[in-house]
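The structure appears below as structure tokens.
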Amino acid sequence: MLLQENIPIKYIFGKIRVEVMLVTIYALLIALLYKNFHFTRISIPIAVPTLLGTVISLLLAFKSNQAYDRWWEARTLWGAIVNDSRTLTRQLFTYIDTHYGKLEEIAFCERMAKRQIAWCYVLSRQLRGHDPMPGMDKWLCKEDFEYIQGYSNKAVALLELHGADLRNAYKLGWINEFQQIEMDATLTRFSNHMGGCERIKNTVFPSTYKVYIHFALILFVALLPFGLIEFFGLVEIPMVIAIASSFFLIEKMAIHLQDPFENKPTDTPTTAISATIERDILQMLKQYYKEDKPADEPASKDKVFYIL
Amino acid sequence: MLLQENIPIKYIFGKIRVEVMLVTIYALLIALLYKNFHFTRISIPIAVPTLLGTVISLLLAFKSNQAYDRWWEARTLWGAIVNDSRTLTRQLFTYIDTHYGKLEEIAFCERMAKRQIAWCYVLSRQLRGHDPMPGMDKWLCKEDFEYIQGYSNKAVALLELHGADLRNAYKLGWINEFQQIEMDATLTRFSNHMGGCERIKNTVFPSTYKVYIHFALILFVALLPFGLIEFFGLVEIPMVIAIASSFFLIEKMAIHLQDPFENKPTDTPTTAISATIERDILQMLKQYYKEDKPADEPASKDKVFYIL
Amino acid sequence: MLLQENIPIKYIFGKIRVEVMLVTIYALLIALLYKNFHFTRISIPIAVPTLLGTVISLLLAFKSNQAYDRWWEARTLWGAIVNDSRTLTRQLFTYIDTHYGKLEEIAFCERMAKRQIAWCYVLSRQLRGHDPMPGMDKWLCKEDFEYIQGYSNKAVALLELHGADLRNAYKLGWINEFQQIEMDATLTRFSNHMGGCERIKNTVFPSTYKVYIHFALILFVALLPFGLIEFFGLVEIPMVIAIASSFFLIEKMAIHLQDPFENKPTDTPTTAISATIERDILQMLKQYYKEDKPADEPASKDKVFYIL
Amino acid sequence: MLLQENIPIKYIFGKIRVEVMLVTIYALLIALLYKNFHFTRISIPIAVPTLLGTVISLLLAFKSNQAYDRWWEARTLWGAIVNDSRTLTRQLFTYIDTHYGKLEEIAFCERMAKRQIAWCYVLSRQLRGHDPMPGMDKWLCKEDFEYIQGYSNKAVALLELHGADLRNAYKLGWINEFQQIEMDATLTRFSNHMGGCERIKNTVFPSTYKVYIHFALILFVALLPFGLIEFFGLVEIPMVIAIASSFFLIEKMAIHLQDPFENKPTDTPTTAISATIERDILQMLKQYYKEDKPADEPASKDKVFYIL
Amino acid sequence: MLLQENIPIKYIFGKIRVEVMLVTIYALLIALLYKNFHFTRISIPIAVPTLLGTVISLLLAFKSNQAYDRWWEARTLWGAIVNDSRTLTRQLFTYIDTHYGKLEEIAFCERMAKRQIAWCYVLSRQLRGHDPMPGMDKWLCKEDFEYIQGYSNKAVALLELHGADLRNAYKLGWINEFQQIEMDATLTRFSNHMGGCERIKNTVFPSTYKVYIHFALILFVALLPFGLIEFFGLVEIPMVIAIASSFFLIEKMAIHLQDPFENKPTDTPTTAISATIERDILQMLKQYYKEDKPADEPASKDKVFYIL
């Protein structure tokens, strides 16, 4: 989960501890060589590392852009899961109107709605590589729970159960053919969102770029002390550390951002989003329990002009 | 709200007052050290801050791009809310044609249309963290007003009421099954727009980038006086202030732009947009009141060739 | 309208006349100071304006990108209006087949098609802030013309009339329920295109960026003569003018491009596009008049295998 | 058409022959002045052309991006035309099942399918400004061929004929109302693809940018020899030519790429794509001729469980 | 297939072996000339290659962006193929409910589902230029296998067979007209995904850009030794190699990434994706075999409230 306040400076710099240490030792060595042995010939014009720095900056900007796009797409997909979970619940309560009375309608809708909550949690855990099943018996009836055990991709199985329930509802005449098509389209959207998340999870950023950027960065850092030594002497050391850290930091940030389902603080907050969906859906279910059948009589008493 | 004329220079520079003051003191100190104590060795080649300046420029361009995209997406979502509010109202008046006479039709459509106005205001206030309920009794009937009290997300509740009304209209035969599906698709779009706004509101820009950019910027400003002092002497001070202000300003602008629902002058003008929707919808309602039933007889008298 | 040949050099440079004059005077003053009073200390290293130049280049590239995107989006929206106007006309002539004979069908379709022409002109004029009504009596029947007077947004009113006509056509059985939905979807697209244009018209580019870029540009031009004076002497003056003009020009171009509905030569050619739509729709109407009923018998005589 | 091998170096450099010649003469003149008349004062620091070079690079990158986007959008639109031509043919053969026997069905489908081939060729030629009619009698029946003569936009007329045929098919009961809507949606997509191509064809890249970039480029090339002369002497001439060619080349490439329907080697290969569509559609038609009615009995003999 | 670990450094540098060797010889020659013959006049200011380096960096960033976009679009298209394959299978099992009993339903669905597996493999092999047919008899019944032999584009033929089967299912009353339309829309999406892949496969990146970038790169490398020789002497050689390798590497990477269907390690992993689709679809089929008819009774025993 990515919140404003929960990324301390320490966490950020902890990521590049090893690199900073190596750079410090390296810069120190160069400074000692220069000072004590007067290898003045090793100084190079600052323009050389500057040229490399410009190239690397452009590459890092390119990489940051792609990483951000992946991260934002993952966030957008989960935003769409929120939207479509709400839409599915609204469609359930406004389309279905069983002939067998209120209780069965609510039981059916409740089962679908709770299975939707389960689907969000299952997808969230699957993407992070956790076992999706623990605790899911809270949201799934025993038959559903056992049925999905046979699948390697549990989220696909839950969508299948959704589809089977819709067919039954159609057969029983609770929804008409158009409403079945409409709700099936909602399931198709869930399928697409899930597939999008899996695509981001399973597609690595082209390693060739990664390796190249790292290689160019090391070359740049290796040249940096030679470019600065003439002007700074020992002050060169903190200067090299600061500039190198800047570049290493931005490289690391891009690497972390590009994989938004890996149990890191920069992840897409799928658990928090699932909890929001749970709260919203439960509230809609509770309303129906509490107020009995408010949705059927939303109009003001002095305006009632239709009978159901 | 973001208008051409309402951002005075003073407001803009007010944002970076503290930074400018600190930079002034810092630049003054360096100049005094250089002038009075002749620490001429502290001068560094201008190429070093230039290298950092290029990197930071690219990062700020990247950040500005993302911030602008968020801001423009928020604006586009509210533009879509305008479009779909008009569409909903048009669909109401061209689909519905109750068997019970003109009055009930208009009463039903009016209730839906006014609830749509309420939805826009409620969403706008919710996004800014205000209490959405005050004044909403003007647009909602008493039952609706009380119903949505039970929800934490009032806008979701209003869409639910919309859906329930559509079901009733379908049951009463006022709209056919295809028209119900079509108008439900309009509700789904509202749901998506709302979810998109919430996504932008709740997703912070990756803090790691923010912290890094700020860190690199401070490093850059810290080096700047040393790079300029040799050529400018005391004139270095206004120069450093001017260049540093440039960078701080653009950083601040990106930060403000990236959160378009925070009660700032750079916000998406959701209240103004809601007022436009209110005016448009009320005008359509008034037309129906005033002209009685003009939509049924738009054709010229000398061309009437159909009877309703 | 933006055509290849109609932007003379004079027009382009006319836009930055004032800036160029001020820069000339400023550069002349600096040169005189340097030459006559030997203030040689005022020369600064060229790297300082270069640093600022790089930052401004990136900002101008960012701004040009956003401005171009707005301009291209406006053009795309009007392209979609062309497409959907053709689609609406095709749907009219292939869906509608009145039971009351050919004449009424054509009269109805003609009324809708001509109102569509009117809608394009009205939208075009509204966006540019002109009075949309003059000359519209040519395309609208008297009832329609009077009806839309009551609206502040005439284009919305015309779409409402379209919708009302579709309802009547459906009631009369000229189109079936699916065709009504399909054509209503076309109206919804018109509503979205109109809303998109209004969004671009009403949303100013973030002023903060505008002010900042202008501020940085002035700072850059102010430093430029000091950076060039040492090498050029009096030749510095044309050099400063040339470089400053380059930057001012690109800033101006971005400003003009970003508002594509303001009666400028870089505008989206909405009037020309409307004229194209008029020509296309009239041609389709004429075909129906001239050739009587060719669309009913497009098949070759030796292949006729169906009867209507 | 843009193929890997068919752009020889000679073709590419042929485009900038005039520019290269003028630059050569100019560079030669400067070198002679410097060498023979010892105008050593004319040498300028290389940083001045570098500053301009950076700005121009960014502008050319911006322009290349927009040009590539236009080119890629044109290619994508023609890709979509391929997809939808296949879809239309598949829909024809799987939706239509005339009551009057196999022959008429195939005759009808064949007429539609061949007209679709004609539409692709007609659109391709219209976009390039050629006469679209020659040879089209091969794909169109005589009535269709004569009908579209009356239109200035032949492709629009062909879509109208498609629509009219669909209406007839619906009237005759060959397709149901949903299938009519579905195939009409395919026609609407053709209409959008066509409109998109026309938009790219008719919208010139903002001339102001074009003029400005050219102006800045000339300024840059004019300064270049002065920046290089001090270090290179006569060697300055090939150096200036090489660098100037680089910039002129990329400017020319962007200009060519941005207009993908102008009979140039960098065009979208619309004729080749149309030929592919022709081959695919004819193969589907032939299959139906050759194998008589294979689509009705695709199932294996030992699994036949349905009768038509 | 592009995995994190399977690109060894050796593979990456193997790509630029020839270039590195040529650059080494070239740099050595320059160094010898400078050292032994004292052609000190050949040294040039480092700013000249820096200027070219900046331009090339921007061009490579532009090219990397476009190449990455092509590669990501290819991946997204195959992700969509996964989603829609799942959707097709879900639709098969939740829409179809034959009147002739369970066995035939499963036989029909199995045939469609297995043909879908075949379609993925066939498309994957076609894109890479392999013979798509070997092994396909495992997934296709004999009739289908023979039917598609007559087509040059086998994937198009398989979609046609899908469409024909849907028509038969509709004729037999197994699916209603809306379900036919819905599943036909899924086929249309497959057609679009296929067309998108073919577009990426058949459209070469504008050769003009490719040639230009290569030309500019060679110019840059040719100038580099002259810019570095003054400061480094013989150390210039490894420096030139390192910087040149950086630029050659990124050029090569972009070239490889831009063609994602060419049997290279950076390809879109179409075979692996097809295997995933195979596993998912087979699991859904097996479930139906194993558990007999679980989808019809997913509800818990104590909640059964509907009969089929």
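Chain A is the first sequence line, chain B the second, and so forth, proteins listed ahead of strands; every chain is numbered from 1. Values below: all heavy atoms of this structure, side chains included; hydrogens, waters and symmetry mates excluded.
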Heavy-atom proximity to chain E below 4.5 Å, by part of [X]:
X: Y68(D); value: side chain
X: E177(D); value: neither
X: W72(D); value: side chain
X: A80(D); value: neither
X: T76(D); value: both
X: L58(D); value: both

Chain E interface, residue from [options] that has the most non-hydrogen pairs under 4.5 Å:
options: S64(D), A242(D), A185(D); result: S64(D)
options: N65(D), D84(D), V82(D), I56(D); result: N65(D)
options: S246(D), G79(D), A61(D); result: S246(D)

Please round to the nearest 0.5 Å and tell me the distance separating atom [atom1] of [X] and atom [atom2] of [Y].
X: N83(D); Y: M194(E); atom1: CG; atom2: CE; answer: 7.0 Å
X: L223(E); Y: I243(D); atom1: CG; atom2: CD1; answer: 6.5 Å
X: F178(D); Y: Q180(E); atom1: CZ; atom2: CD; answer: 11.0 Å
X: I181(D); Y: I181(E); atom1: CD1; atom2: CD1; answer: 9.0 Å

| field | Partner set under side-chain contact (heavy atoms from CB on, under 4.5 Å) for V55(E), not counting sequence neighbours | value | S57(D), F247(D), L59(E), Y212(E)
| message | List the residues meeting side-chain contact (heavy atoms from CB on, under 4.5 Å) with D69(D), not counting sequence neighbours, and say none if there are none. | response | Q66(D)
With a 4.5 Å cut-off on side-chain heavy atoms, are [Y] and [X] touching?
X: R199(E); Y: W78(D); result: no
X: T203(E); Y: W71(D); result: yes
X: R167(E); Y: F93(D); result: no

| remark: Only one of R189(D), R90(D), E182(D), R86(D) passes side-chain hydrogen bond (donor to acceptor under 3.5 Å, both in side chains) with T188(E), and that residue is R90(D)
| remark: Answer key: most heavy-atom pairs under 4.5 Å with chain D among L219(E), D184(E), I213(E), V156(E) is D184(E)
| task | Work out which heavy atom in T87(D) is nearest to a heavy atom in S191(E); give both atom names and the distance. | result | OG1-OG, 3.6 Å
| Polar contact flag, side-chain donor to acceptor under 3.5 angstrom, Y170(E)-N176(D) | yes
